[in-house]
K.L.:
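Could you have a look at this structure, given as structure tokens, before my questions?
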Amino acid sequence: MPELPEAETIVRSLRGHLEGARITRVEFRSARVSKSDPARLAGTTVAGVNRYGKQILWELDRGWVLVKLGMTGALLWNSEPGPYTRALVELTNGHVCFDDIRQFGSLSVMATPPNTLGPDPLEITSAAFAQRLRQRDTEVKKLLLDQKFVRGIGNIYADEALFRAGIHPKARTRQISAARARGLHLAAAELLRTAIEHRGSSISDYVDAGGERGSFQSLHLVYGKEGESCRTCGSAIRRIVVGQRGTHFCPRCQKRT
DNA sequence: CTTAATGTTCCCCA
DNA sequence: TTGGGGAACATTAA
């Protein structure tokens, strides 16, 4: 559920509640949600809540908590714990439920913040993005999904960015001109910024920390639109599989070279 | 019953 | 080291 715009929306809706609050008790209700000891968190104060790609990082006065939302993870402020609540964090002023149906998400306590992922697409320049892209040789969609290449783009926004840039998802990165690679970055950055303004995409169950859905799904042009007419040329949107992920594109508007 | 789902990781092969 | 391909993880919905 969470890509960059959704993670950013969760951060913005959670930060005001957490910053300055002290954690009083943490409970892990599923063995697979965390390998850390919940007792280590009691007594720490939250200094900051930030996004790292599509992940969410809590800065504590002593250490860090990295929340990976997986496919169905949600951080909910003061919601009623339910059957899918995998972790419960109680603070002086309220509590956070980490709900996650499929349990691909996790919560880890770290001594230092992570730094293993690639640059944030909203921070890197188009020229640097194009240079990085052109020194690789693979299908462009696979590269966009590689968090070590850029952090934060997932299946929805990869398809939408490639459509907006007019690039075929299976285009070889080596064969994309520098100008088109820069255009891909510009399209992706504008897409992500607009999606943030719309508080993300809620296609199945994504909600922010207040339980609110996003609205950007109404502006999707190809994702989940197989068989529908392309808004630009009228051709039928096609669905193929790239890197084991469902991939949606317009066969006429999106070029391989 | 089968397939697919906003993700990541591990394994094997070239 | 890079890239390709596949399986696995857990759960729900169509």
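Lettering follows sequence order; numbering is per chain, from 1. Only this structure's heavy atoms are used, side chains among them; waters, hydrogens and symmetry mates stay out.
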K.L.:
Return the value, rounded to whole Å, for the distance between atom CD of A:Glu226 and atom C1' of B:dA4.
P.N.:
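It is 12 Å, rounded to the nearest whole Å.
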K.L.:
Who passes salt bridge (Lys or Arg N to Asp or Glu O under 4.0 Å) against A:Glu90, sequence neighbours left out?
P.N.:
A:Arg25
K.L.:
Compare the ring of A:Phe104 with the six-membered ring in the base of C:dC9 and state whether they stack (centres under 5.5 Å, planes under 30°).
P.N.:
yes
K.L.:
Going by side-chain heavy atoms closer than 4.5 Å, which hydrophobic residues are tied to A:Tyr52, directly or by a chain of links?
P.N.:
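Direct or chained contacts put A:Tyr52 with A:Leu117.
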K.L.:
Can you pull the salt bridge (charged side-chain N to carboxylate O under 4.0 Å, His left out) pairs that have at least one residue in residues 34-48 of chain A, sequence neighbours excluded?
P.N.:
none
K.L.:
For the pair A:Leu143 and A:Arg132, evaluate side-chain contact (heavy atoms from CB on, under 4.5 Å) and give the outcome as yes or no after the intermediate values.
P.N.:
CA-CA 10 Å; A:Leu143 191 59; A:Arg132 282 170 65 77; over 6 Å; no
K.L.:
Residues two or more places apart in sequence or in another chain: which of them pass salt bridge (Lys or Arg N to Asp or Glu O under 4.0 Å) with A:Arg12?
P.N.:
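Residues passing salt bridge (Lys or Arg N to Asp or Glu O under 4.0 Å) with A:Arg12: A:Glu8.
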K.L.:
Nearest to the side chain of A:Arg172, which nucleotide is it out of B:dT8, B:dG7, C:dG3?
P.N.:
C:dG3
K.L.:
Whether A:Arg239 contacts B:dA5 is assessed here as follows: a side-chain N or O lying under 4.0 Å from the phosphate OP1 or OP2. Is that the case?
P.N.:
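True: A:Arg239 side-chain N/O within range (under 4.0 Å) of B:dA5 OP1/OP2.
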K.L.:
Which residues pass the ring pair (Phe, Tyr, Trp, His ring centres under 6.0 Å) test with A:Phe216, not counting sequence neighbours?
P.N.:
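Ring pair (Phe, Tyr, Trp, His ring centres under 6.0 Å) list for A:Phe216, sorted by chain: A:His198, A:His220.
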K.L.:
For residues 179-186 of chain A, tabulate all N or O donor-acceptor pairs below 3.5 Å that involve a side-chain atom, not counting sequence neighbours.
P.N.:
unit_1	atom_1	unit_2	atom_2	d
A:Arg180	NH1	A:Thr257	O	2.7
A:Arg180	NH2	A:Gly166	O	2.7
A:His185	ND1	A:Ser126	OG	2.7
A:His185	NE2	A:Pro121	O	2.9
A:His185	NE2	A:Ile124	O	3.3

K.L.:
Roughly how many Å is it from CG in A:Asp205 to P in C:dA10, rounded to a whole number?
P.N.:
18 Å
K.L.:
Kindly write out the residues that satisfy salt bridge (Lys or Arg N to Asp or Glu O under 4.0 Å) with A:Lys54, not counting sequence neighbours, or none if the list is empty.
P.N.:
none
K.L.:
What is the separation between atom NZ on A:Lys225 and atom P on B:dA4, rounded to the nearest whole Å?
P.N.:
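About 19 Å, once rounded to whole Å.
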K.L.:
Check this for me: does any side-chain nitrogen of one of A:Arg22 and A:Asp61 sit under 4.0 Å from a carboxylate oxygen of the other?
P.N.:
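Here A:Arg22 does not pair with A:Asp61 in a salt bridge, since their nearest N and O are not under 4.0 Å apart.
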K.L.:
Pairs under 3.5 angstrom, nitrogen or oxygen only, protein versus nucleotides 9-12 of chain B, please.
P.N.:
unit_1	atom_1	unit_2	atom_2	d
B:dT9	OP1	A:Lys68	NZ	3.2

K.L.:
Rounded to the Å, how far apart are A:Ile153 CD1 and B:dG7 C1'?
P.N.:
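Atom CD1 in A:Ile153 sits about 15 Å away from atom C1' in B:dG7.
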K.L.:
When you look for runs of 3 or more Watson-Crick or G-U pairs in a row, both distances below 3.5 Å, which of them include DNA chain C?
P.N.:
B:2-5 with C:11-14, B:7-14 with C:2-9
K.L.:
Over how many whole Å does the gap from A:Arg32 atom CZ to C:dA10 atom C1' extend?
P.N.:
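Between C1' of C:dA10 and CZ of A:Arg32: 7 Å.
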K.L.:
Might you work through the side-chain contact (heavy atoms from CB on, under 4.5 Å) test for A:Leu191 and A:Thr194, ending with a clear yes or no?
P.N.:
CA-CA 5 Å; A:Leu191 168 72; A:Thr194 306; 6.0 Å; no
K.L.:
Each nucleotide N or O in nucleotides 11-14 of chain C that has a protein N or O under 3.5 Å away: list the pair and distance.
P.N.:
unit_1	atom_1	unit_2	atom_2	d
C:dT11	OP1	A:Gln103	NE2	2.8
C:dT12	OP1	A:Tyr84	OH	2.3

K.L.:
Take the protein atom OH of A:Tyr52 and the nucleotide atom C1' of B:dT8, then report the distance between them rounded to whole Å.
P.N.:
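Between C1' of B:dT8 and OH of A:Tyr52: 15 Å.
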K.L.:
List the residues meeting salt bridge (Lys or Arg N to Asp or Glu O under 4.0 Å) with A:Glu19, not counting sequence neighbours, and say none if there are none.
P.N.:
A:Arg15
K.L.:
Starting at atom NZ of A:Lys54, determine the distance to atom C1' of B:dT8, rounded to an integer number of angstrom.
P.N.:
9 Å
K.L.:
Could you go through residues 97-105 of chain A and list every donor-acceptor pair under 3.5 Å that involves a side-chain atom there, pairing it with any protein atom two or more places apart or in another chain?
P.N.:
unit_1	atom_1	unit_2	atom_2	d
A:Asp99	OD1	A:Thr85	OG1	2.8
A:Asp100	OD1	A:Thr72	OG1	2.6
A:Asp100	OD1	A:Gly73	N	3.4
A:Asp100	OD1	A:Gln103	N	3.4
A:Asp100	OD2	A:Gln103	N	3.4
A:Asp100	OD2	A:Phe104	N	3.3
A:Asp100	OD2	A:Gly105	N	2.8
A:Gln103	OE1	A:Ser30	OG	3.0

K.L.:
Give a yes/no on whether any side-chain N or O of A:Arg245 is located under 4.0 angstrom from OP1 or OP2 of B:dG7.
P.N.:
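Answer yes for this pair, as a side-chain N or O of A:Arg245 is under 4.0 Å from OP1 or OP2.
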K.L.:
Mind calculating the distance between NZ (A:Lys141) and P (C:dG4) to the nearest angstrom?
P.N.:
15 Å
K.L.:
Out of C:dG5, B:dG7, C:dG3, which has the shortest distance to the side chain of A:Asn155?
P.N.:
B:dG7
